[in-house]
Every structure is written in C-alpha cells, then in structure tokens.
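Report on the structure given below.
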Amino acid sequence: MELKNDLLLRVAEGKEVERPPIWLMRQAGRFLSEYREVRAHAGSFRQMIANPDFAIEVTLQPIDLIGVDAAIIFSDILVLPEAIGLSYEMIPQKGPFFPKTIEKGSDIDQLHEIAEGSNLEHTYTAIKGVVKELAGRVPLIGFAGAPWTIFCYMIEGQGSKTFSKAKKFFYQEPALAHKLMEKITEASITYLKGQIRAGVNLVQIFDSWAGVLDKNTYSQIALPYIKAICDAIQEVPKTVFAKGAFFALDDLNELNCNIVGLDWHTPIDFALGKVKDKALQGNMDPALLYSKPEQVQEATLKMINAYPKGRHVVNLGHGIYPDLPRESVQEMVNTVKSFTYI
Ligand code: CP3
C-alpha cells in the first residue's frame, strides 16, 4: 500500500526528508488514559495481546491521539519464548515472570519450533488489522527481542539488575548457551518474516540487556546472532537498538541494518563518529518529559540539531514512563512536526 507519510522509511533508506520523523518507544502504553481504559476492559496485558481487537485499538491510539509518524504493533518481545515452549506471566507492578526457566541441556532440547496456530498468530492478525485501519497513513513497525535479551529472560525467568545468572550460563556452559542462542535466532527470523508477510514496513530488534555485557563478550556471544537476523531479513528496513551498548557502535555500524537506536547515555557526536553510514534513532532521556513545555521544546530542538539532516529518527533513549505528562509528549511531537530542515 502507498504510504502518505513515509518519513521513517525515507530516513531508513537514506533519502531526502523535510523534517525528521518521530515515534516513541512504548508509545502504545500506560501514559495514555485511553490505553488504561482498554487494559481494564481486557482484564490483563496478556489478554490484550491475545485479542487482536484490543491490540489493534491500542496500536492506533498514539497515531490518532498524539500524531506520531509511525505505529508499532502492540505485543511484547516475550511472546517468542512462549511460541517455542516457555510461557510467561506479566505480574502487575513487577513485570515478566517465567514459571519454568532453562537450566540444562534437556530444557533446550524440549523447546520446539514455532507451530502452526501458535500464539504468534494473534500478532499477525493484529498487524493485518492495523494495516487495514491505518490505510497508509503512517508505516507500521514490527519487532522482536535480540537473542541475547530473550536468552536473559529464558535463563533468569524475570528481570534482573545484572543478569548474572544468564552470564554464568554462558561462561559455564558455552556450547549449550550457543545452542539456545541459535534456537532463539531461528525462531526470531521466522517470527519477523511472519510479521513482514502480515504487513509491517520496518522491523526493530530490541537488545535491552546489551549493556550488561562487556565489549568483547558482546561481540562474541550477542552480535553474531543479531547479524544472522539482519542478514536473513531483506524485505524491509531494519533498526537495531542495543541499550547500553555504546561500546559496540562500531560493530553495529557493520551490520546489515538501516538505523541504529541510541539510549540517552550515548553522546550524539560520539555515536556519529562510530556509525558512519546509517541513520540514528533517539535519544532524549524520557525523564526530560517531566520538565516544562518550553524545556521540552528546547531539548527536542537541541537533539534534532545535533544530528545531520536526514539521518535522524526522533525518539526517546528508552520507553516512555507511565506517569509522564501527556502534554509533554504532545509538546515533543508538535515541536518535531513544526520543524523544517534548512
Ligand atoms: O508501544 C510499544 O513500544 C509497543 C509495545 C511493546 C511492549 N513491550 C508493550 C508492553 C514493545 C515494543 C515491548 C518490548 C519489550 N518488552 C522490551 C524491549 C524494549 C525495552 O523496554 O527495553 C522488553 C525488555 C520487554 C519485556 C517487558 N514487557 C517488561 C520488562 C515489561 C514490564 C515493565 C513495564 O513496563 O511494565 C513488559 C510489560 C509491557 N510491555 C507493558 C507494555 C505496554 C506494560 C504492561 C501493562 O500494560 O501493564
């Protein structure tokens, strides 16, 4: 379908744009009262994902209510472990929890391929519905977790400050660890290709826990699998967001991807020195949105002006916090939309 607003795709492809596009990580989420209403109606986060009608509705909310330049499908990176045999719960105020985790070789052997009729079908159905409802207004972003981040959850079973259990598994059982990483990678490629067939226009890989590794380890155990995913996906542009991995920017520059996401710890000029021929995405500290509208406007313009024309996708350095004032998010979006490159 012909897109009316293709700013994001033009930046991804290195084409001319009159202004940078803006979308926000976790834009379909709790900072919107309309999201909270749907969630209350659905019963739980997992029921929202499992019911395409709810997922479609909350995916469209930031487009209709805030006016961002791209939609991101409402789902979670953790639907993938579920599809290969490790299901999770989402505990309110706490986050994800896996009742069963990977502890030994036989646990890995018990994982299966993505079956016909798996839970991922809900996401594919939601994507088709969103594409129809968008009718080309803006592009739709699909996503998956990077293998390392998925591995972290499958080993630890929940969030962690250090993910030392996941690291320990890698250092003590490297062969098994690589076997698991391969299974995750293969399933992720299948999942992303399914999303592309259903209609997404770009895919983003979230490596949320990249920052717990050191440079050498990251390049040995995490990057090769991201590379495999990027190489396997040729159909649409790709964004790789490795949170906390300022040390890997030169390696990320070598990937077959179009956009590299930045967290707010990474100075923009530092990133520009490492990532030479791709667009960058980010990287305002979400907490800046607690400040007054004038400050939000100033910070947004400062960020835009720090990037070269046409190589920037405006975003935050990580997801929106649930209690961020909606007016500030709106101010950020309005500032970007009234900006023109000279
Ligand atoms: O708007 C969007 O960005 C699309 C939807 C989306 C969600 N999760 C919905 C969600 C996306 C892209 C994700 C990715 C995701 N999920 C990541 C990678 C990005 C990141 O944040 O680093 C990770 C690590 C997860 C795993 C996950 N899901 C955690 C750790 C949590 C709990 C923390 C929290 O924010 O509550 C979730 C829950 C989750 N995923 C929510 C949403 C809207 C909140 C659930 C609720 O409504 O109560």
Side-chain angles (χ1 to χ4, degrees), residues 22-51 54-63 65-66 68 70-82 86 88-98 122-123 126-127 130 138 140-154 156-161 163 166 188 191-192 195 200 202-212 239-245 261-265 281-283 286 315-324 329:
I22 177 169
W23 72 275
L24 302 161
M25 287 187 274
R26 289 286 167 93
Q27 64 187 20
R30 289 165 295 181
F31 89 103
L32 288 172
S33 55
E34 290 86 347
Y35 169 91
R36 296 194 298 269
E37 274 165 35
V38 175
R39 195 176 178 289
H41 198 66
S44 73
F45 174 70
R46 285 184 49 102
Q47 281 164 318
M48 272 170 91
I49 292 184
N51 184 328
F54 293 132
I56 293 166
E57 189 175 352
V58 297
T59 300
L60 293 168
Q61 282 176 349
I63 315 306
L65 302 169
I66 306 286
V68 288
I72 179 162
I73 191 65
F74 186 81
S75 181
D76 201 90
I77 62 169
L78 302 176
V79 298
L80 185 86
E82 177 144 312
L86 214 61
Y88 72 103
E89 296 161 14
M90 195 58 79
I91 300 176
Q93 325 299 339
K94 269 202 75 188
F97 177 72
F98 287 80
H122 302 308
T123 307
I127 289 170
V130 169
V138 294
L140 176 62
I141 302 168
F143 68 91
W148 165 248
T149 289
I150 298 296
F151 178 95
C152 281
Y153 283 107
M154 290 176 82
E156 302 256 353
Q158 58 193 328
S160 157
K161 278 212 171 79
F163 282 100
S188 302
Y191 182 37
L192 288 170
Q195 294 184 49
V200 301
L202 179 148
V203 292
Q204 174 153 331
I205 298 167
F206 286 92
D207 209 354
S208 304
W209 302 112
V212 301
T239 301
V240 176
F241 173 55
K243 187 170 183 290
L262 302 178
D263 58 54
W264 69 88
H265 303 282
Q281 177 172 279
N283 67 338
N315 209 313
L316 300 170
H318 202 201
I320 300 183
Y321 304 139
D323 67 338
L324 280 172
V329 179

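Note that ligands are numbered from 1 as they come in the structure, with each ligand's atoms numbered from 1 the same way. The figures here come from the full heavy-atom set of this structure, side chains too, leaving out hydrogens, waters and symmetry mates.
Of all the heavy atoms of Arg30, the ones lying under 4.0 Å from any atom of ligand 1 belong exclusively to the side chain. Heavy atoms of Ile73 found under 4.0 angstrom from ligand 1 belong exclusively to the backbone.
Residues Tyr153 and Ile77 share a closest heavy-atom pair of CE1-CD1, 4.4 Å. Residues Ala146 and Asp207 share a closest heavy-atom pair of CB-CG, 3.3 Å.
The closest donor-acceptor contact from the side chain of Gln27 to the backbone of Val68 lies at 3.5 Å or more, if one exists at all. A distance-only check finds no donor-acceptor pair linking the side chain of Gln47 to the backbone of Phe54 [under 3.5 Å]. When atom types are taken as modelled, the side chain of Glu156 and the backbone of Ala166 share a donor-acceptor pair closer than 3.5 angstrom. One N or O on the side chain of Trp148 and one on the backbone of Trp209 form a donor-acceptor pair closer than 3.5 Å. Looking at Asp263, its side chain never comes within 3.5 Å of a backbone N or O of Gly317 through a donor-acceptor pair. Between the Arg46 side chain and the Tyr88 main chain, a donor and an acceptor come within less than 3.5 Å of each other. Remark: the backbone N or O of Met25 is paired with a side-chain donor or acceptor of Asn315 at under 3.5 angstrom.
Atoms of ligand 1 lying under 4.0 Å from any heavy atom of Ala28, numbered from 1 in the order shown and given with element: 1 (O), 43 (C). Taking a cut-off of under 4.0 Å to the non-hydrogen atoms of Phe206, the atoms of ligand 1 that pass are 12 (C), 18 (C), 19 (C). Per-residue contacts place Phe74 under 4.0 angstrom from the following atoms of ligand 1 (heavy atoms of the residue considered): 43 (C). Taking a cut-off of under 4.0 Å to the non-hydrogen atoms of Ile72, the atoms of ligand 1 that pass are 1 (O), 2 (C), 3 (O), 4 (C), 12 (C).
The distance criterion of under 3.5 Å between nitrogen or oxygen atoms is met by Arg26 with respect to ligand 1. Inclusion of Trp209 in the set of residues having an N or O under 3.5 Å from an N or O of ligand 1 is not warranted. Not one N or O of Tyr153 is nearer than 3.5 Å to an N or O of ligand 1, by distance alone.
Using cut-offs of 30° and 60° on the angle between ring planes, the pair Phe143 and Phe206 is perpendicular.
Counting protein heavy atoms only, atom 11 (C) of ligand 1 is closest to Phe143 CZ, 3.5 Å. At the shortest separation from atom 9 (C) of ligand 1 among protein heavy atoms lies Ser75 O, 3.3 Å. Given atom 37 (C) of ligand 1, the protein heavy atom at minimum distance is Met90 CE, 3.4 Å. The nearest protein atom to atom 39 (C) of ligand 1, hydrogens excluded, is given as Phe45 CZ, 3.6 Å; this is a heavy-atom distance. Looking at atom 17 (C) of ligand 1, its nearest protein heavy atom turns out to be Ile77 CD1, 3.7 Å. Counting protein heavy atoms only, atom 22 (O) of ligand 1 is closest to Ser208 OG, 2.5 Å. Looking only at heavy atoms of the protein, atom 47 (O) of ligand 1 is closest to Tyr35 OH, 2.5 Å. Looking from atom 20 (C) of ligand 1 to the surrounding protein, the closest heavy atom is His318 NE2, 3.1 Å.
Heavy-atom distances between Pro96 and ligand 1 reach below 4.0 Å in at least one pair.
Heavy-atom neighbours of His265 NE2 from other residues, nucleotides or ligands within 6.0 Å: above the threshold of 12.
Summarising the contacts of atom 32 (C) of ligand 1 with Gly95, Gly319, Ser44, the nearest heavy atom is found in Gly95.
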